Amino acid sequence: MPTYLERLIIESLSEAYRAVRPDGPTVTIEVRPSDRPEFGDYSSNLALIASRSAGIPPRELAERLMKAVGGPFRVEVAGPGFLNFFLARPTIHAALSEALSRSDRFGFIDEGEGKRAQIEFVSSNPTGPLTVGHGRQAVLGDVLSALYERLGYDVEREYYFNDEGRQIDLLAESLWVRFRELHGESRPIPEGGYEGDYLREMAKDLRAETEEEFSEFDPPTRERFRREAVSRITEWIKEDLAKLGVRFDTWFSEADLHRAGKVEEALVELEKRGGVYEKDGAVWLAAERHGGAKDSVLIRSDGRPTYLMVDIAYHIDKFRRGFSRVIDVQGSDHQVEQSCVKAALRILDFPDDFLSYAVHQFVSLKEKGEIKRMSTRAGRFFTLRALIDELGRDVVRYFMISRRPEAHLEFDLDLARSESLDNPATYVKYAHTRIASIFRKAAGMKIDHAGADLSLLAEEEELELIKKIDRFPEVIRVAAVSFAPHMLAEYALDLARSFHAYYDKHRVLGDDIELSRARLSLLSAIKLVLKGTLDILGMDAPEEM
RNA sequence: GCGCCCGUAGCUCAGUGGACAGAGCAACGGCCUUCUAAGCCGUCGGCCGGAGGUUCGAAUCCUCCCGGGCGCACCA
């Protein structure tokens, strides 16, 4: 989808194409920002693409299109057959007016038409504190949610968890062992249990709150320790997320699926459609026949459902809840699982675009050039909370979002700690602050910019800034549909950089009042876009620093 | 062995099939009696892992190879 300025060119070019090739095949006309000034403001490769079907050499076709096209621009043919467009200044200024007139609705697109979308992320079971890896997912999911809201979807943020079962029993027993240690009794942590120090802390808290000794790990004790552990850890998780500025609409318990009989229902549905078979006393999903990575067990030979079985039931439930699309944010280690769930939904004839997975790679921390090794099993990890407490929400969020999700994220602690503008999070925020500061000064001088004459914006830097502003809605759209929130971070950094350079070269509040008013208009749009971007990223846009 | 992802400047990374490949950090050198120098400008730095192929055109798409991550449980 093109930007305001690109659309203008595409429409003219489309007419020219029909004039030159009345019976030609339909083509998608692409217009993109030129990467060099001598190539104009925007370029199109239409002649190169349409050359073959037209049976006309690209340069010649380009010449013909150039003669046929009309609009507020000058056109040149260059290179192998590119059409380069040099926009008339008033047209560029119109893009600025457009942004300003939309005000804080600039960057909202009505593509989703209010359809309900669910984004599920984090979904860590309450067995321990959130790690930096969960942090990446939390920010990814939250920013993705914000992007889809801008796209016009009614977004629900969901956290899926399991607070029952074997893992939780092990957690309860591990906590109980720590608790008994405080009574001078030493026992090993159960096989596959939780070694982390956080259970020692929790045991101390519990010890301080109760006189009971719980000398035996009998059923009532297990139930009590399960409840204590789960509720306390869930509280931690919620606090960690709150510190990150992440809030969920729905906390969905896996146990509810079992209680409501949804797991059995799902199995019956799959059986009805012939999507399962029996082997070795277990029930298997015929995933491979439906695009899954491998056939997998749904019901164990002892009759208990597997995680996959429940996961399928969960996604059927999501569908029944009326979402038109669901996005699951997950780590890259769930690939087989994902393909199996998709295979199951295919067997059930769900719309193919109902479920998408936004997959991301892991996070490692780097300090003084060295990667810090983490191991959750041994209870040795950097918690998300420690990271936020040290760096603050905004820096953590910016760093977590600034890389492509599918690339491994190396979190540079030294750079993140830097208070200077080497730190990109600070740099972007400072651009916003700087503009705010100029507006304060303008207010003091009784200068406002209502109805300013934008045609006074004639500097090259000003026109470039306007073209960048014009791209904002499109950046949001592409970042959302391709699950690439890092594009927002890139965009913000680029816009901030352009602004700082402009600020340094051109004075906003000068002797020429009319010019000052025009420049304030430009700054007002930049501020609008920076604020919008920081909002999506979940960061503060401070008026002062 | 099989599947997915990654390999771009010394380091961390951008780069919707387009016209000489970009930024930050690091290194070096400049710019403040003026709106926040918490800033700006410049220099240095690359056979885009390798080899083929598709295309008018490839860092980008396809195949193979090399190197790294993750996964391949009747675990969750």
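Just so it is clear: chains get the letters A, B, ... in the order the sequence lines come, proteins before strands, and each one is counted from 1. Keep in mind that this is a model prediction, so the values were computed, not measured.
- The pair A/E173-A/R226 fails the salt-bridge criterion, with no side-chain N (NZ, NE, NH1 or NH2) lying under 4.0 Å from an Asp/Glu carboxylate O.
- The interatomic distance linking A/R304 (CZ) with B/rA76 (C1') rounds to 11 Å, in whole Å.
- Listed by chain and number, the residues in a side-chain hydrogen bond (donor to acceptor under 3.5 Å, both in side chains) with A/S123 are A/E120 (sequence neighbours excluded).
- By the ring pair (Phe, Tyr, Trp, His ring centres under 6.0 Å) test, A/Y17 is found to be paired with no residue, residues two or more places apart in sequence or in another chain being considered.
- Under the 30°/60° scheme for interplanar angles, the aromatic rings of A/W284 and A/Y277 are found to lie parallel.
- At a cut-off of 3.5 angstrom, counting only N and O atoms as typed in the model, there is no donor on one side facing an acceptor on the other between the side-chain of A/S332 and the base of B/rC4.
- Within the structure, every pair that satisfies the side chain to side chain donor-acceptor pair (under 3.5 Å) test and touches residues 468-480 of chain A, not counting sequence neighbours, is listed here: A/T3-A/D470, A/K468-A/D494, A/K468-A/S498, A/E474-A/R477.
- Atom name C1', nucleotides B/rC11 and B/rG30: the rounded distance is 25 Å, in whole Å.
- Nucleic acid contact class of A/H506 (heavy atoms, under 4.0 Å, all strands): base.
- Within 4.0 Å of A/N125, counting heavy atoms only, lie sugar-phosphate atoms of the nucleic acid but no base atom.
- Here B/rU55 is the nucleotide among B/rA76, B/rU34, B/rU55 with the atom lying nearest to any side-chain atom of A/R52.
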Secondary structure string for RNA chain B (Watson-Crick or G-U under 3.5 angstrom, | for other-strand pairs): (((((((..((((....[...)))).(((((.......))))).....(((((..]....))))))))))))....
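- Taking atom C1' on both B/rG49 and B/rU43, the two are 29 Å apart, rounded to the nearest angstrom.
- With respect to A/R259 and A/E164, a salt bridge is recorded, a charged nitrogen being found less than 4.0 Å from a carboxylate O.
- A/F399 meets the ring pair (Phe, Tyr, Trp, His ring centres under 6.0 Å) test with A/F411; sequence neighbours excluded.
- Taking 4.5 Å as the limit, some side-chain heavy atom of A/Y160 sits within range of a side-chain heavy atom of A/Y314.
- For B/rC56, neither phosphate oxygen OP1 nor OP2 lies less than 4.0 angstrom from any side-chain nitrogen or oxygen of A/R59.
- Listed by chain and residue number, A/F248, A/W251 satisfy the ring pair (Phe, Tyr, Trp, His ring centres under 6.0 Å) test with A/Y159 (two or more places apart in sequence, or in another chain).
- Separating the P atom of B/rA23 from that of B/rC64 is a span of 36 Å, rounded to the nearest Å.
- Protein atom CD of A/E288 is 12 Å distant from nucleotide atom P of B/rG3, rounded to whole Å.
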Strictly under 4.0 angstrom, non-hydrogen atoms only: write out the protein contact profile of nucleotides 18-26 of chain B, one letter per nucleotide from the 5' end, B, S or -. BBB--SSS-
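- Nucleotide B/rA76 holds its C1' atom 14 Å from the CD atom of A/E164, rounded to whole Å.
- Of the residues near RNA chain B, A/F362 and A/A501, the one whose nearest nucleotide (by heavy atom distance) lies more toward the 5' end is A/A501.
- If you check residues 436-450 of chain A against RNA chain B, the residues with a heavy atom closer than 4.0 Å are A/S437, A/I438, A/K441, listed by number.
- Residues A/V31 and A/Y502 both approach RNA chain B. Their nearest nucleotides, taken by heavy-atom distance, put A/V31 toward the 5′ side.
- Looking at heavy-atom distances under 4.0 Å, A/S51 makes no contact with the nucleic acid at all.
- Residue A/D280 is in base contact, counting any heavy-atom pair closer than 4.0 Å across all strands shown.
- The cationic atom of A/R136 (NZ for Lys, CZ for Arg) does not lie both less than 6.0 Å from the six-membered ring centre of A/F362 and within 45° of the ring axis.
- Residue A/H334 is in base contact, counting any heavy-atom pair closer than 4.0 Å across all strands shown.
- A/T426 comes within 4.0 angstrom of nothing in the nucleic acid, heavy atoms only.
- In this structure, A/Y398 has no ring pair (Phe, Tyr, Trp, His ring centres under 6.0 Å) partners at least two apart in sequence or on a different chain.
- The aromatic rings of A/H315 and A/Y357 lie tilted to each other, with the angle between the two planes from 30° to 60°.
- Counting non-hydrogen atoms under 4.0 angstrom, A/V508 reaches a base of the nucleic acid.
- Aromatic ring orientation, A/F483 versus A/Y148: tilted (interplanar angle from 30° to 60°).
- At a cut-off of 3.5 angstrom, the base of B/rG3 holds at least one donor-acceptor pair with the side chain of A/Q335.
- The side-chain hydrogen bond (donor to acceptor under 3.5 Å, both in side chains) test applied to A/D394 returns A/K429, not counting sequence neighbours.
- Using a 4.0 Å heavy-atom cutoff across all strands shown, A/A282 reaches at least one base atom of the nucleic acid.
- Distance alone, capped at 3.5 Å, places no donor-acceptor pair between the A/R150 side chain and the A/I476 backbone.
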Find every protein N or O atom lying less than 3.5 Å from an N or O atom of nucleotides 7-11 of chain B, and list the pairs.
unit_1	atom_1	unit_2	atom_2	d
B/rC11	O2'	A/K366	NZ	3.1

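- Between A/Y503 and the phosphate of B/rC41, there is no side-chain N or O to OP1/OP2 separation shorter than 4.0 Å.
- In this structure A/D448 satisfies the salt bridge (charged side-chain N to carboxylate O under 4.0 Å, His left out) test together with A/R517, sequence neighbours excluded.
- Separating the CG atom of A/L409 from the C1' atom of B/rC5 is a distance of 15 Å, rounded to the nearest angstrom.
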